[in-house]
Amino acid sequence: MSMITNDAVNRAIDYILGHIHEELSVDDVAAHCHFSKYYFSRMFRKETGESVYAFIKRLKLEQSAFRMKVEPGRTVTEIGCEFGYSPSNYSWMFRQRYQTNPVNFRRTVEQATVRHAFMHMDAVGGAAERTISDLHAGEGQDPKTYGCLERFEECNRKITIQNLPDYFVLYERRIGSYHQLSGQWGDFIGKYQRFVTKDTKFLERTYDDPVITDTEGCLYDICMSVDKSVLNETDLEKCDLNKSDLNKGALNESVLNTCTIEGGKCAVYPYKGYGKHIYAAYQTIFTVWLPRTSYTLDYRSGFDIYHKVDSESGYMELDICIPLRG
């Protein structure tokens, strides 16, 4: 588990994510961040534990694998080409990463999804053996049972299509498992408590599907909305931040990481339940709901907007916001 505090590295990650379908080189990323290739490469590895090249390569393969999972109507060749691979090169690179070829991955990802350790099958008894097609056909498990994927009809009743605003946020970015999220949220809110107002929204932005990305390699941001006008020198002093560490003219870069989470058209799923079952809600949206609708997943990152969290019981209420095209 590591927190990425370097603003330049965070900007580099955002740049890579925003240009993942293009030919990207280490020189391109370093130039975007206004550093020499060699200096920036050392900085990036120190913060992330990976080289820039390895990070780009991994994200391209993971993003393509995710598209194969959620867009069953597209061919493997089409998806590979979208991320810059020729058919033969894509198959070889994919096998190096996942120890199987893309066609077999697509054939088995359904069962990998329901068998994943994050799918808490509480008192379900054999539900993991059922297929996504069973759920499409209305023959799946009781949608009210915790830990299960819902049927399409149940999920579809909950989801609304909304045009969400952009959110200017103060955030902390981490690479690692989601297991320590509760404690991280407590630390985050405590650290930035003086920015909290009655209008503050708490958001979590996720970039990975743990079925596809190694559990310890997931990238995610914990965020709180903030008024840009409060991010001035006086307010920084009130937050007991180390003013001597801030460069004049760049008050928000060395200590405070800020960005804008893009809103726009989203499928909004109101989740009410326990934290350990959020995975099942996400997988319902991706593998049961999305393939049966006319909507197409956008390339913007999804995010959650928290409304209520009981730290003792683990019960929470939040909106899962899935960006859509068009």
Side-chain angles (χ1 to χ4, degrees), residues 1-69 76 79-102 105 171-181 184 204-223 247 250 253-259 299-302:
M1 169 63 61
S2 62
M3 182 166 68
I4 303 174
T5 58
N6 187 292
D7 178 70
V9 172
N10 278 323
R11 284 188 285 115
I13 291 173
D14 291 338
Y15 180 77
I16 292 168
L17 288 165
H19 297 79
I20 198 66
H21 303 97
E22 303 171 14
E23 289 292 333
L24 278 174
S25 68
V26 178
D27 295 275
D28 294 331
V29 180
H32 174 75
C33 296
H34 308 293
F35 287 101
S36 72
K37 171 182 176 179
Y38 300 105
Y39 178 81
F40 181 75
S41 295
R42 290 194 299 272
M43 182 193 306
F44 191 93
R45 183 185 286 275
K46 181 180 179 181
E47 284 284 308
T48 66
E50 287 184 282
S51 70
V52 182
Y53 172 77
F55 186 84
I56 294 171
K57 176 183 172 183
R58 178 171 67 83
L59 257 62
K60 279 182 173 287
L61 289 170
E62 289 174 354
Q63 291 287 320
S64 69
F66 178 67
R67 290 287 157 175
M68 281 197 291
K69 174 179 174 176
V76 168
I79 291 172
C81 288
E82 181 182 20
F83 289 87
Y85 296 104
S86 66
S88 59
N89 191 39
Y90 183 53
S91 183
W92 184 84
M93 296 285 282
F94 197 94
R95 185 181 290 276
Q96 291 292 109
R97 175 72 178 85
Y98 291 106
Q99 290 76 55
T100 188
N101 62 57
F105 172 87
Y171 74 98
E172 290 182 351
R173 175 167 290 165
R174 288 174 167 81
I175 294 180
S177 168
Y178 299 122
H179 290 299
Q180 298 176 340
L181 256 177
Q184 292 167 1
E204 180 185 333
R205 182 162 55 168
T206 54
Y207 301 91
D208 304 296
D209 181 341
V211 177
I212 292 165
T213 300
D214 291 338
T215 302
E216 296 299 325
C218 291
L219 182 72
Y220 59 96
D221 303 336
I222 54 179
C223 321
N247 296 320
E253 295 183 0
S254 298
V255 174
L256 297 180
N257 286 314
T258 61
C259 69
Y299 291 103
R300 291 170 289 144
S301 300

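Here, residue 1 is the first one in the sequence, and each next residue gets the next number.
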- Message: Restricting to non-hydrogen atoms, name the atom on Thr5 and the atom on Asn257 that form the minimum distance, rounded to 0.1 Å.
- Response: O-ND2, 3.7 Å

- Task: Please confirm whether the backbone N or O of Ile212 pairs with a side-chain atom of Tyr98, one donor and one acceptor, at under 3.5 Å?
- Result: yes

- NZ (Lys60) and CD (Glu23) are apart, to the nearest 0.5 Å, by 6.0 Å

- Starting at OG1 of Thr258, measure out to OH of Tyr171 and round the result to the nearest 0.5 Å. 7.5 Å

- Query: Does any non-hydrogen side-chain atom of Arg173 lie less than 4.5 Å from one of Cys259?
  - Reply: no

- Of all the heavy-atom pairs spanning Gln63 and Tyr207, show the shortest one and how long it is. NE2-O, 3.6 Å

- Message: Could you report the tightest heavy-atom contact between Thr213 and Glu62, atom names first, then the distance?
- Response: OG1-OE1, 3.1 Å

- Query: Ignoring hydrogens and geometry, is there a side-chain-to-backbone donor-acceptor pair from Asp214 to Gly217 under 3.5 Å?
  - Reply: no

- Message: Salt bridge or not between Glu82 and Arg67? Use side-chain N to carboxylate O under 4.0 Å.
- Response: no

- Message: Nearest 0.5 Å, please: how far is CD1 in Ile4 from CD1 in Ile13?
- Response: 3.5 Å

- Going by atom types only, do Tyr178 and Glu204 share a side-chain donor-acceptor pair under 3.5 Å? no

- Do Lys37 side-chain atoms and Ala31 backbone N/O form a donor-acceptor pair below 3.5 Å? no

- Do side-chain atoms of Ser64 reach the backbone of Leu61 as a donor and acceptor pair under 3.5 angstrom? yes

- Looking at CD1 of Ile79 and CZ of Phe94, how far apart are the two atoms once the value is rounded to the nearest 0.5 Å? 9.5 Å

- Which value, rounded to the nearest 0.5 Å, describes the distance between Glu172 atom CD and Asp221 atom CG? 10.0 Å

- 4.5 Å side-chain heavy-atom contact, Phe83 and Met93: no

- Which heavy atom of Val76 sits nearest a heavy atom of Pro102, and at what distance? CG1-CB, 3.5 Å

- Under 6.0 Å from the OH atom of Tyr299, do we count more than 12 heavy atoms belonging to anything else shown? yes

- Side-chain heavy atoms of Phe105 within contact of Arg97, under 4.5 Å: no

- Interatomic distance, Cys81 atom SG to Tyr90 atom OH [nearest 0.5 angstrom]: 10.0 Å

- Item | Arg42 and its side chain to side chain contact (heavy atoms under 4.5 Å, CB included) partner, picked from Phe40, Phe44, Tyr39 | Tyr39

- Item | Qualifying residue for side chain to side chain contact (heavy atoms under 4.5 Å, CB included) with Glu47, from Asn6, Ile175, Asn10 | Asn6

- In terms of ring plane angle, is the pair Tyr15 and His32 parallel, tilted or perpendicular, where the classes change at 30° and 60°? parallel

- Task: Please check if the side chain of Asp208 supplies one atom and the backbone of Leu219 the other of a donor-acceptor pair under 3.5 Å.
- Result: yes

- Closest heavy-atom pair and its distance - Ala8, Cys33: O-SG, 3.4 Å

- Message: Going by side chain to side chain donor-acceptor pair (under 3.5 Å), Glu50 matches just one of Lys57, Arg45, Arg58. Which one?
- Response: Arg58

- Heavy atoms, side chains only, cut-off 4.5 Å: are Cys218 and Ser177 in contact? no

- Other residues, nucleotides, ligands: >12 heavy atoms within 6.0 Å of Gln96 CD: yes

